[in-house]
Amino acid sequence: MGKIVFYEGRNYMGRHWECSSDCMDTFRHFNCCNSMRVSGGHWVAYEKPHYMGYQYILGPGDYPDYHSWMGFNSCIRSCQMFPPYRGSYKMRLYNRPEMMGHMMEFMDDCPNVYDRFHHRDIYSCNVMEGYWIFYEHPNYRGRQYFMRPGMYRSCGDWGGFNPMIGSFRRMRTNM
C-alpha cells in the first residue's frame, strides 16, 4: 500500500498529514507543503484541488523542500496514487491537434524532443501503453505532465497551457 506524508515545514518539520489514497482537496489537512516523504507507491501531486494545476510526479523517497520535486511553490492541493506498471511502453506524438500532421511513434525515453521529432511543439498524442511523463524543457526539466493511456487531442487534455514539450520519459514504477 502506498503512503505519502506532507509536511508544512522544510526538512519534515511542522504539522504533517499522512495520505494513503487519492485526495481531491488537501486544504483541510494542511496549509502549505514544504517537504514530503513517499514511503510507498508512486504519486502525482497537484498544485490545485481536483487534480488541476502544476503536476509533480513522485516516486518513493524523501523530498526535503519543494525544489527537490521541481516544485514552483509550496502549494499542493490534491494528490493521486497510480498503480505499478510492468508492461511495454508505446505512444504516438503529433505536431497538430486531433492526431493530425506529422506522427512519430516512441517506445523509449527522449531527452530532447526537437533532436528526435524535429518539432518543438506536440499538439496531440495517443498513449497506447504505459505511463509517461512529459517535461516542458529538454533533459527532463520544467513543468511535468503525467500521461496515462488514452488519446489526448490537444495539449489542454494533459493540463498544458501550450504545446511545448522538451523531453519525455517512461514512468517506471519498478515495484
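Just so it is clear, the values below take in all heavy atoms, side chains as well, and ignore hydrogens, waters and symmetry mates. Numbering of residues begins at 1 and proceeds along the displayed sequence.
Within the model, atoms CD of Gln144 and CE of Met70 stand 4.0 Å from one another, a figure rounded to the nearest 0.5 Å. The CD1 atom of Ile4 sits 11.0 Å away from the CD atom of Glu18 when rounded to the nearest 0.5 Å. Note that the OH atom of Tyr123 and the CG atom of Asn162 stand 8.5 Å from one another [nearest 0.5 Å]. If you take CZ on Phe106 and SG on Cys125, they are separated by 11.0 Å, rounding to the nearest 0.5 Å. To the nearest 0.5 angstrom, Ser154 atom OG is 7.5 Å from Glu98 atom CD. Residue Cys32 holds its SG atom at 10.5 Å from CD1 of Ile76, rounded to the nearest 0.5 Å.
Taking the side chain as every heavy atom from C-beta outward, Pro111 and Tyr140 approach each other to under 4.5 Å. At least one side-chain heavy atom of Val38 sits under 4.5 Å from a side-chain heavy atom of Tyr63. Put simply, the side chain of His42 reaches to within 4.5 Å of the side chain of Met171, judged on heavy atoms. No side-chain heavy atom of Ser167 sits less than 4.5 Å from a side-chain heavy atom of Cys110.
For the pair Arg37 and Tyr12, the distance from NZ or CZ to the six-membered ring centre is under 6.0 Å and the angle to the ring normal is within 45 degrees.
For Trp43, there are no ring-ring contact (aromatic ring centres under 6.0 Å, His included) partners at least two apart in sequence or on another chain. Taking the salt bridge (charged side-chain N to carboxylate O under 4.0 Å, His left out) definition, one finds that Lys48 meets it with nothing, sequence neighbours left out.
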**Prompt:** Step by step, would you call Met81 with Leu58 a side chain to side chain contact (heavy atoms under 4.5 Å, CB included)?
**Reply:** CA-CA 9 Å; Met81 187 171 60; Leu58 305 161; over 6 Å; no

**Request:** Would you check, one step at a time, whether the test side chain to side chain contact (heavy atoms under 4.5 Å, CB included) holds for Trp69 with Cys33?
**Result:** CA-CA 11 Å; Trp69 65 77; Cys33 180; 3.9 Å; yes

**Prompt:** Step by step, would you call Asp108 with Arg116 a salt bridge (charged side-chain N to carboxylate O under 4.0 Å, His left out)?
**Reply:** CA-CA 12 Å; Asp108 57 350; Arg116 297 241 336 249; 3.2 Å; yes

**Request:** Given side chain to side chain contact (heavy atoms under 4.5 Å, CB included), test Phe117 with Ile122 step by step and report yes or no.
**Result:** CA-CA 9 Å; Phe117 194 54; Ile122 304 300; 3.2 Å; yes

**Item:** Check against side chain to side chain contact (heavy atoms under 4.5 Å, CB included), Ser124 and Tyr152
**Value:** CA-CA 5 Å; Ser124 56; Tyr152 299 84; 5.8 Å; no

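Clustering of Ile, Leu, Val, Met, Phe, Trp and Tyr side chains at separations under 4.5 Å places Met151 together with Tyr94, Met99, Met103. Hydrophobic cluster membership of Phe161, counting Ile, Leu, Val, Met, Phe, Trp and Tyr whose side-chain heavy atoms lie under 4.5 Å apart directly or via other members: none, as it forms a cluster of its own.
Ion pairing between a basic and an acidic side chain is recognised when a charged N comes within 4.0 Å of a carboxylate O; Asp65 and Arg10 show no such pairing.
Using a 30° and 60° split on the angle between ring planes, Trp17 and His29 fall in the parallel class, below 30°. Under the 30°/60° scheme for interplanar angles, the aromatic rings of Tyr56 and Tyr54 are found to be tilted.
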Using residues 130-139 as the side-chain source, report each donor-acceptor pair under 3.5 Å to any protein atom, sequence neighbours left out, with the distance given to one decimal.
from, atom 1, to, atom 2, distance (Å)
Trp132, NE1, Glu129, O, 3.1
Glu136, OE1, Arg143, N, 3.3

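Between Tyr7 and Phe30, the distance separating the two ring centers is not shorter than 6.0 angstrom.
Within 6.0 Å of atom CZ in Arg15, more than 12 heavy atoms from other residues, nucleotides or ligands are found, so the atom counts as buried in its surroundings.
Nearest approach of Pro163 to Cys155, heavy atoms of both residues: N-SG, 3.8 Å.
Screening residues 71-80 for side-chain hydrogen bond (donor to acceptor under 3.5 Å, both in side chains), with sequence neighbours left out, gives Tyr46-Gln80, Glu47-Asn73, Gln80-Arg148.
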